[in-house]
*Asks:* 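Mind looking over this structure? Questions follow.
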Amino acid sequence: MKITTWNVNSVNVRLAHLEQFLKEESPTVIGLQELKSISEKFPIEACEALGYHAAINGQPTYNGVALLSRLPMSDILFDIPGFEDSEKRVITATVGGIRVINAYIPNGQSPDSDKYHYKLNWLQHFKAFIEAQLKRYPELVVIGDFNIAPTDDDVHDPKSWKGKVLCTDAEREAFFQLLDLGLIDGLRMEAQPAGLFTWWDYRQNGFEKNSGIRIDHLLLSTIVSRRFVTSKVHLEYRAMERPSDHAPVSIRLKKD
DNA sequence: ATGGTAGTTCCACTA
């Protein structure tokens, strides 16, 4: 089983890249973020033609998330139940016995903005949601664009990022509170070389210089983590012509 | 300290 997360930064602009990824990498399930599309304009036929079922939580202009799966999806859940939020950031489904929560966590803009407080508050509700889901579905993964670089090892230049949004102590604390629920950072299950990132700024040739950060994550529940085989950041998709600013990130699991 | 790029929408806003 292969599980992928990818912030595509507009699903319609990135459709050719997405189709190539589905063809060549054939993930069992992929969580997409930043669709920037209403559900009605999601390229569902193109995905179905490649053998994927689609569950879509779209929104005009901003946000929007979806799950594509080779296997049928069940118990599909939209957003965070009981949390009033006009932004479409979460979609959850059960695939092949695994509960997959796919999220686009708020960016927060800057620590002195209202959006930053919205982010921290959002994370508290997200934590409660994961906790409840874990009780019901112990075989669970949380994937997506977390907009948090957990440690300085996840940042190309920790000095310049210190105290900036995505790297503040409060955001990192919220991230580790998610792990404290009983989740493991999938990409840290095996030793990694320094400079392992998933997002690079479009500006200043960020990717060419590998001045990136690691903000896209796959968190595995204890039971799922026992099936871990390997993980991969698909750098070649960030190196393409007119790419998303995020690379797809995958983990592979043993059958049981 | 600033501004660099990309996507969408109505030309500013978010990232």
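Below, chains carry the letters A, B, ... as their sequence lines are ordered, and counting in each starts from 1.
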*Asks:* Whether D185(A) and R214(A) form a salt bridge (side-chain N of Lys/Arg under 4.0 Å from carboxylate O of Asp/Glu) is what I want to check.
*Replies:*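 Judged by the 4.0 Å cut-off on N to carboxylate O distance, R214(A) and D185(A) do form a salt bridge.
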*Asks:* Rounding to a whole Å, what distance do you find between F207(A):CZ and dT5(B):C1'?
*Replies:*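 Going from CZ in F207(A) over to C1' in dT5(B) covers 16 Å.
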*Asks:* Looking only at atom P, what distance separates dC10(B) and dT14(B), rounded to whole Å?
*Replies:*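 After rounding to an integer number of Å, I get 14 Å for this pair.
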*Asks:* Run the ring pair (Phe, Tyr, Trp, His ring centres under 6.0 Å) test against H117(A) and tell me which residues pass, sequence neighbours left out.
*Replies:*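 Here no residue qualifies.
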*Asks:* Using atom C1' in both nucleotides, what's the gap between dC13(B) and dT9(B) to the nearest angstrom?
*Replies:*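 Comparing C1' positions in dC13(B) and dT9(B) gives a spacing of 9 Å.
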*Asks:* Taking only the C1' atom of each, what is the distance from dG3(B) to dA15(B) in whole angstrom?
*Replies:*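 Looking at atom C1' only, dG3(B) and dA15(B) are 15 Å apart.
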*Asks:* Enumerate the residues from residues 170-178 of chain A whose closest heavy atom to DNA chain B is under 4.0 Å, giving them by residue number; use none for an empty result.
*Replies:*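 Under 4.0 Å from DNA chain B: no residue of residues 170-178 of chain A.
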*Asks:* Between R188(A) and D154(A), does any NZ, NE, NH1 or NH2 come within less than 4.0 Å of an OD or OE carboxylate oxygen?
*Replies:*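 Counted as a salt bridge, because a side-chain N and a carboxylate O are separated by less than 4.0 Å.
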*Asks:* OP1 or OP2 of dA6(B) sitting under 4.0 Å from any side-chain N/O of R14(A)?
*Replies:*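 No, outside the criterion.
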*Asks:* Which whole number of Å gives the distance between the C1' atom of dA1(B) and that of dC11(B)?
*Replies:*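 These two C1' atoms come out 27 Å apart once rounded.
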*Asks:* Using a strict threshold of under 4.0 Å (side-chain N to carboxylate O), is an ion pair present between D201(A) and R203(A)?
*Replies:*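 Judged by the 4.0 Å cut-off on N to carboxylate O distance, R203(A) and D201(A) do form a salt bridge.
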*Asks:* Can you tabulate the close N/O pairs, meaning under 3.5 Å, that link protein atoms to atoms of nucleotides 10-15 of chain B?
*Replies:*
unit_1, atom_1, unit_2, atom_2, d
dT14(B), OP1, K115(A), NZ, 2.9

*Asks:* Can you measure L35(A) atom CG to dT8(B) atom P for me and round it to whole angstrom units?
*Replies:*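 Value for this atom pair: 11 Å.
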*Asks:* Is there any ring pair (Phe, Tyr, Trp, His ring centres under 6.0 Å) pair reaching into residues 6-52 of chain A, and which pairs are they, with sequence neighbours excluded?
*Replies:*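 Checked against ring pair (Phe, Tyr, Trp, His ring centres under 6.0 Å) - neighbours excluded - the pairs reaching residues 6-52 of chain A are W6(A)-F21(A), W6(A)-Y237(A), F21(A)-H234(A), F21(A)-Y237(A).
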*Asks:* Measure from NZ on K159(A) to P on dA1(B) and round the result to the nearest Å.
*Replies:*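 After rounding, the gap between these two atoms is 17 Å.
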*Asks:* Residues in salt bridge (charged side-chain N to carboxylate O under 4.0 Å, His left out) with D152(A), at least two apart?
*Replies:*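 Only R172(A) meet the salt bridge (charged side-chain N to carboxylate O under 4.0 Å, His left out) criterion with D152(A).
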*Asks:* Nearest whole Å is fine: how far is dA6(B) P from N12(A) CG?
*Replies:*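 Checked: the CG to P distance equals 19 Å.
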*Asks:* Under the side-chain hydrogen bond (donor to acceptor under 3.5 Å, both in side chains) rule, what do N57(A) and Y104(A) come out as? Steps first, then yes or no, please.
*Replies:* CA-CA 11 Å; N57(A) 194 7; Y104(A) 175 49; over 6 Å; no
*Asks:* Check R14(A) with E19(A), please: is the shortest side-chain N to carboxylate O separation under 4.0 Å?
*Replies:*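 Answer for the salt bridge query: no.
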*Asks:* Sorted by first residue and then second, give each salt bridge (Lys or Arg N to Asp or Glu O under 4.0 Å) pair with at least one member in residues 120-138 of chain A; sequence neighbours left out.
*Replies:*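 Counting only pairs at least two positions apart or across chains, no salt bridge (Lys or Arg N to Asp or Glu O under 4.0 Å) contact touches residues 120-138 of chain A.
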*Asks:* Rounded to the nearest angstrom, tell me the gap between atom CD in Q204(A) and atom P in dT2(B).
*Replies:*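 One finds 15 Å between P of dT2(B) and CD of Q204(A), rounded.
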*Asks:* Could you check how far CG of D201(A) sits from P of dA6(B), rounded to whole Å?
*Replies:*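 Spelled out: CG on D201(A) to P on dA6(B) is 10 Å.
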